[in-house]
Asks: 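Shown below is the structure under consideration.
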Amino acid sequence: GHQVRRVDHDDKSVVIDTSQGEFTADFAVVTLPLGVLKHRGVEFHPALPERKRDAVQRMGMGLLNKTYLKFPRQFWPARADWLGFVSETKGRWSEYLNVAKFLAQPVLLGFTAATFARRTEKKTDQEIVAGMIAALRSMFGGRKVPDPLDVRITRWASDPFSYGSYSFMKTGSTPEDYEHLAEPVDNRLFFAGEHTSRRYSATVHGAYLSGIRAAKRIGAQV
C-alpha cells in the first residue's frame, strides 16, 4: 500500500519516499516494471545513468490482456488446453485457455493482444464481454453458449503500476539493453524484473531469477 514517488541515493544509503512516509536502507532492489520506468512514474535523484535511461526508452512494452468468463456449464471440449479462432479482424478474440481443466470450474480465459488489446481496453466491461461472447458463439453456435455468470478483466496498458504486460525488443533496441537495465547503480540500487533478464525476458521465471541475482549482488556487498 506504499506508492513510491522518489528514490534518493548516494554512496552511503538509499532513501525511498512513498505515499506513507520515508524508508532508509543500505541498499534497494528496484522492481518497477519497464512501463513505469518509461512513464517516469518514480523520480530518481541523482538521475539514473544515461545508458540505463536510453535502454528504457529503446525497449518496448507489450500488451496482453485477459478476460476470464465463468459460465453455468462447460460447452467447449473438456480435454483441450487451448482453443483457437481465426477471426476476420486480426487478433480479435483468437486465443483461449481452458481454465476449467485446472480449476474444475467452467471458466474460460480469452486473450487480447497488441493493437486489438489497446482498442479493447478502452471499452466498458459489458462491451468487452459482448465481443468475447460473440466470438465464442460464432465458434460453437449461439444456442450452445450461455451468458456468463461472472467476469474478470485486466487493463494492463492503463494500469499506473505497470503500463503494459511485458518487455520486448522493439526496432532500435539490442539484447544488450536487457543488461543495461540490470546493471546496479553505485552498488546501492539493484534492479530486477523480467525486463532485466536477457535470457528469460517477458516471463515470470525471468523476473524470479532476476530477484535472486539482485539478492546475490547485495550479499556480495555486505
Side-chain angles (χ1 to χ4, degrees), residues 1-4 19 30-42 56 59-72 74-76 80-87 89-139 145-170 181 192-197 200-211:
H2 294 67
Q3 183 173 349
V4 177
S19 57
V30 180
T31 60
L32 297 169
L34 176 64
V36 174
L37 293 173
K38 293 175 78 66
H39 279 75
R40 299 179 182 178
V42 175
V56 167
M59 295 292 293
M61 193 66 173
L63 180 61
L64 182 68
N65 274 323
K66 302 176 182 179
T67 298
Y68 293 88
L69 296 185
K70 183 177 182 179
F71 293 93
Q74 185 171 345
F75 56 84
W76 57 92
D81 291 316
W82 293 90
L83 303 173
F85 174 52
V86 181
S87 58
T89 302
K90 184 177 181 180
R92 176 181 171 271
W93 299 110
S94 59
E95 192 173 42
Y96 304 85
L97 175 65
N98 178 15
V99 183
K101 190 171 182 179
F102 310 101
L103 293 184
Q105 296 187 47
V107 177
L108 194 62
L109 166 58
F111 293 94
T112 56
T115 302
F116 180 71
R118 296 186 187 277
R119 292 200 306 265
T120 303
E121 187 163 309
K122 299 176 182 178
K123 297 181 178 180
T124 65
D125 287 3
Q126 291 78 12
E127 290 173 325
I128 293 174
V129 171
M132 181 171 164
I133 290 296
L136 290 171
R137 286 176 175 165
S138 70
M139 296 167 65
V145 180
D147 291 333
L149 300 175
D150 201 1
V151 58
R152 293 291 185 274
I153 300 172
T154 67
R155 289 180 171 85
W156 292 118
S158 54
D159 187 325
F161 299 113
S162 58
Y163 288 118
S165 304
Y166 57 89
S167 65
F168 71 93
M169 287 181 55
K170 70 177 183 180
L181 292 173
E194 57 81 20
H195 57 287
T196 69
S197 174
Y200 300 115
S201 61
T203 69
V204 173
H205 55 281
Y208 173 79
L209 293 172
S210 73

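Basis for what follows: all heavy atoms, side chains included, without hydrogens, waters or symmetry-related copies.
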Asks: Which atoms form the tightest heavy-atom contact between Ala135 and Trp93, and what is the distance?
Replies: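 Closest heavy-atom pair between Ala135 and Trp93: CB-CB, 3.7 Å.
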
Asks: Are the side chain of Ser197 and the backbone of Glu194 linked by a donor-acceptor contact shorter than 3.5 Å?
Replies: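 Looks like no, no N/O pair under 3.5 Å.
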
Asks: For Lys66, does the NZ atom sit with more than 12 other heavy atoms under 6.0 Å from it, leaving out its own atoms?
Replies: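 No.
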
Asks: Do the side chains of Phe75 and Pro146 get nearer than 4.5 Å, heavy atoms only?
Replies: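 Yes; the side chains approach each other to less than 4.5 Å.
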
Asks: Any side-chain heavy atom of Lys170 within less than 4.5 Å of one from Met59?
Replies: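 Side chain of Lys170 against side chain of Met59, heavy atoms only: no contact under 4.5 Å found.
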
Asks: Provide the closest heavy-atom pair for Ser19 versus Gly1 in the form atom of the first, atom of the second, distance.
Replies: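 Closest approach of Ser19 to Gly1: OG-O, 3.9 Å.
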
Asks: Measuring from atom CG of Asp159 to atom OG1 of Thr154, what distance do you get when rounded to the nearest 0.5 angstrom?
Replies: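 So the gap between those two atoms works out to 9.5 Å.
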
Asks: Decide yes or no for Leu108 and Leu136: does some side-chain heavy atom of the first lie under 4.5 Å from some side-chain heavy atom of the second?
Replies: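 Of all side-chain heavy-atom pairs linking Leu136 with Leu108, at least one is under 4.5 Å.
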
Asks: Rounded to the nearest 0.5 Å, what separation is found between the OG1 atom of Thr120 and the CZ atom of Arg155?
Replies: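 One finds 10.0 Å between OG1 of Thr120 and CZ of Arg155.
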
Asks: Return the orientation label for the Trp76 and Phe71 ring planes: parallel under 30°, perpendicular over 60°, tilted otherwise.
Replies: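 Trp76 and Phe71: perpendicular rings.
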
Asks: Taking His195 for its side chain and Gly35 for its backbone only, find out whether a donor-acceptor pair lies under 3.5 Å.
Replies: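 No, the answer is negative, given that no donor and acceptor are paired below the 3.5 Å cut-off.
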
Asks: Any chance OH of Tyr208 has more than 12 other-residue heavy atoms, nucleotides or ligands included, within less than 6.0 Å?
Replies: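 No, because the 6.0 Å sphere around OH of Tyr208 holds 12 heavy atoms or fewer from other groups.
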
Asks: Within the structure provided, determine whether Ile153 and Asn65 are in side-chain contact (heavy-atom separation under 4.5 Å).
Replies: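 With C-beta onward as the side chain, the pair stays apart.
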
Asks: Please report the interatomic distance CE(Met61) to CG(Leu37), rounded to the nearest 0.5 Å.
Replies: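 Separation between the atoms: 9.0 Å.
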
Asks: Are Pro148 and Val129 close enough that some pair of their side-chain heavy atoms sits under 4.5 Å apart?
Replies: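 Pro148 vs Val129: side chains touch.
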
Asks: Rounded to the nearest 0.5 Å, what separation is found between the OG1 atom of Thr112 and the CE atom of Met132?
Replies: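 Interatomic distance, Thr112 OG1 to Met132 CE, rounded to 0.5 Å: 10.0 Å.
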
Asks: Taking the side chain from Glu121 and the backbone from Ala157, do they hold a donor-acceptor pair closer than 3.5 Å?
Replies: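 At least one qualifying donor-acceptor pair exists.
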
Asks: Using atom types as modelled and distance alone, determine if a side-chain donor or acceptor of Ser87 lies under 3.5 Å from a backbone N or O of Ser94.
Replies: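 A pair under 3.5 Å: no.
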
Asks: To check you understand the geometry: which heavy-atom pair defines the closest contact between Ser165 and Leu64, and what is its length?
Replies: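 For Ser165 and Leu64, the tightest heavy-atom pair comes out as OG-N, 2.9 Å.
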
Asks: State which residue, out of Ile133, Val99, Val107, Asp150, fulfils the side chain to side chain contact (heavy atoms under 4.5 Å, CB included) condition with Leu69.
Replies: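 Of the listed options, the one satisfying the test is Ile133.
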
Asks: Are the side chains of Lys38 and Val56 in touch, meaning some heavy atoms are under 4.5 Å apart?
Replies: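 Yes, at least one pair of side-chain atoms sits under 4.5 Å.
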
Asks: Answer yes or no: is there a side-chain heavy-atom contact under 4.5 Å between Met139 and Tyr96?
Replies: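 Yes, at least one pair of side-chain atoms sits under 4.5 Å.
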
Asks: Nearest 0.5 Å, what's the NZ-OG distance between Lys122 and Ser158?
Replies: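 If I round to the nearest 0.5 Å, the distance is 9.5 Å.
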
Asks: Minimum heavy-atom separation for Ala100 and Pro106, please, with both atom names.
Replies: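 Taking every non-hydrogen atom into account, CB-CA, 4.2 Å.
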
Asks: Backbone N or O of Ala80 within a donor-acceptor pair of the Asn98 side chain at under 3.5 Å?
Replies: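 Yes; judged by distance alone, with no hydrogens or angles, the pair exists.
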
Asks: Atom CZ of residue position Arg137 - does it have more than 12 heavy atoms of other residues, nucleotides or ligands inside 6.0 Å?
Replies: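 More than 12 heavy atoms, drawn from other residues, nucleotides or ligands, come within 6.0 Å of this atom.
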
Asks: If I compare all heavy atoms of Gly193 with all of Ser210, which pair ends up nearest, and what's the gap?
Replies: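 Looking at all heavy atoms of both residues, the shortest contact is N-OG, 2.7 Å.
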
Asks: Rounded to the nearest 0.5 Å, how far apart are CH2 of Trp82 and CZ of Phe111?
Replies: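 Between Trp82 CH2 and Phe111 CZ, I get 4.0 Å after rounding to 0.5 Å.
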
Asks: Is the backbone N or O of Trp156 less than 3.5 Å from a side-chain atom of Ser162, with the two atoms forming a donor-acceptor pair by type?
Replies: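 Checked: pair present.
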
